[in-house]
Amino acid sequence: MNIQTITKLLTDAGIEENEAKIEVKILLEHFCHYTELDKCKGVELTDNQLDLLRQKVEIRTETRLPVQYIIGEAYFMGEWFKVTPDVLIPRDETEILVRKAIDIIKQEDLKNVLDIGTGSGCIACTIAKNTDAVVLGVDISSDALRIALDNVTRLRINNRAVFRKSDLYSKVRADEKFDMIISNPPYIPIGTELQQEVRHEPKEALFAAENGLEYYRKITQNASEYLNKDGWLMFELGIGEAGGVKEFMENNFKDIGIIKDMAGIERVIYGRVI
Ligand code: GLN
C-alpha cells in the first residue's frame with residue numbers, strides 16, 4: 001500500500017484525478033501531519049500513517065462525505081474555517097463576492113455590515129478580518145451560528161463579527177442601520193438533482209423556491225429599511241439568476257454592477273440604495 005494505490009481508491013470511486021490528489025494531500029496533512037515539504041524532503045510514510053490514510057479515504061468513498069466535513073475544516077481566503085454538515089462548505093466563487101465587498105468597504109470606509117444567512121460565518125469573518133467594519137451575521141439555524149462563533153474565536157476577531165439568530169431580518173431592529181447588506185443566500189431551485197457530495201450539505205442552505213429567487217426577492221424587498229444613505233446591497237448569484245435579481249433591485253437600487261466568475265457565469269451583483 002502506498003499513496004498511489006490509496007489515491008486510486010478515490011479515482012476508482014469516480015472522483016476526478018486532480019481532485020483525488022488534492023484530497024489525499026489534505027487528508028495526509030490533517031490526519032498524518034505529513035506535509036508537502038515532508039514529501040519533497042523524501043520523508044517516508046509509516047505503515048500506521050498509510051493505514052490511517054486508507055481508513056479516511058474509505059470513509060470518503062463509502063459515504064461520499066465531502067473531504068472538508070471529514071477533516072472538519074474548509075479553506076477560504078487564507079483561513080481554515082470550522083465546518084460541519086450544519087453549514088455550507090465555503091466555495092471558491094464566494095471569494096469574488098467577498099473581495100468586491102472588501103474593496104467597497106475600504107474605499108468608502110464603511111463601518112457596519114449585515115451578512116444574511118451567514119452559515120459558517122466565512123463571509124462575515126473574512127470581512128471583519130480584512131477591514132475596519134463590524135459585521136453582524138444572522139442565520140435561522142442555531143447550529144450554524146455555533147459554528148460561526150467558533151470561527152470568530154479561530155480568527156481572533158471577537159466583537160468585530162457578531163452573530164444573531166434571525167430569520168432574514170426578523171430579529172434585526174428597525175433602528176439598526178447598515179452601510180452594506182451582503183448575502184450568499186440559498187439559490188438552487190427546489191427539485192434540482194444534486195451531486196452526491198452536495199447532498200450532505202444542509203438543505204436549508206441550498207434550496208430556494210421561486211426558481212431559486214425567493215431569498216433574493218425577500219432580502220431586496222426590505223433592504224432599504226435597514227440601509228444607511230448610499231448603502232450597498234450585494235449578493236452571490238446562482239447560474240442564470242442575474243437577470244431576475246437585477247429586476248428586483250432596479251426599483252430601489254442604482255449603480256448596479258455584475259461580476260462574472262472565471263467560467264464566465266454572472267456570479268455577483270451589487271448596487272447602491274436610491
Ligand atoms: N454565507 C455562507 C457562505 O457563503 C453560507 C451560505 C449559505 O448557507 N447559503 O458560505
Side-chain angles (χ1 to χ4, degrees), residues 66-69 72-102 113-130 133 135-152 154-155 157 161-169 172 178 180-190 192 194-195 197-220 233-239 241 245 259 261 265 267-270:
V67 72
Q68 292 90 340
Y69 288 153
E73 293 183 314
Y75 189 74
F76 180 72
M77 290 186 71
E79 302 286 344
W80 285 93
F81 286 84
K82 176 176 174 178
V83 293
T84 69
D86 290 319
V87 297
L88 194 84
I89 297 167
R91 301 293 203 273
D92 290 342
E93 297 89 288
T94 305
E95 183 166 341
I96 306 171
L97 174 73
V98 175
R99 283 201 185 282
K100 182 68 186 172
I102 291 172
V113 176
L114 174 63
D115 172 26
I116 300 184
T118 196
S120 64
C122 64
I123 295 177
C125 292
T126 308
I127 291 177
K129 180 106 195 174
N130 291 285
V135 188
L136 170 63
V138 296
D139 205 288
I140 194 168
S141 158
S142 311
D143 295 326
L145 290 171
R146 268 190 280 277
I147 308 294
L149 277 174
D150 284 343
N151 283 323
V152 164
R154 269 188 181 219
L155 270 71
I157 44 167
V162 293
F163 296 99
R164 188 183 303 166
K165 186 175 159 86
S166 178
D167 179 2
L168 304 179
Y169 300 101
V172 183
F178 300 89
M180 175 183 282
I181 296 173
I182 188 167
S183 183
N184 174 23
Y187 58 58
I188 301 176
I190 291 170
T192 306
L194 297 178
Q195 201 194 326
E197 279 74 6
V198 183
R199 286 184 215 152
H200 289 280
E201 296 189 87
K203 292 196 178 34
E204 55 282 18
L206 296 169
F207 289 112
E210 304 169 27
N211 289 323
L213 299 184
E214 174 187 7
Y215 297 104
Y216 298 111
R217 180 182 59 73
K218 291 180 170 168
I219 292 170
T220 306
L233 175 63
M234 335 187 38
F235 291 113
E236 179 172 321
L237 296 166
I239 299 177
E241 296 180 336
V245 179
I259 309 172
D261 66 15
I265 295 164
R267 197 46 88 180
V268 167
I269 189 163
Y270 56 90

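Ligands are counted one by one from 1 in listed order, and the atoms in each one are counted from 1 as well. As a basis for the values below, the full set of heavy atoms in this structure was taken, side chains included, without hydrogen atoms, waters or symmetry mates.
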Heavy-atom neighbours of Asp92 CG exceed 12 at 6.0 Å: no

Side chain of [X], backbone of [Y]: donor and acceptor closer than 3.5 Å?
X	Y	answer
Arg99	Leu97	no
Tyr187	Ala208	no
Ser120	Val87	no

Sequence-distant partners of Lys203, side chain to side chain contact (heavy atoms under 4.5 Å, CB included), two or more places apart: Phe207

List below, pair by pair, the N or O atoms of ligand 1 and of the protein that are less than 3.5 Å apart, including the distance to 0.1 Å; reply 'none' if no pair qualifies.
{"residue": "ligand 1", "atom": "1 (N)", "partner": "Gly117", "partner atom": "O", "Å": "3.1"}
{"residue": "ligand 1", "atom": "1 (N)", "partner": "Thr118", "partner atom": "O", "Å": "3.3"}
{"residue": "ligand 1", "atom": "4 (O)", "partner": "Asn184", "partner atom": "ND2", "Å": "2.8"}
{"residue": "ligand 1", "atom": "9 (N)", "partner": "Asn184", "partner atom": "O", "Å": "3.0"}
{"residue": "ligand 1", "atom": "9 (N)", "partner": "Ala205", "partner atom": "O", "Å": "3.0"}

Heavy-atom check, side chain of Leu88 versus side chain of Asn184, under 4.5 Å: yes

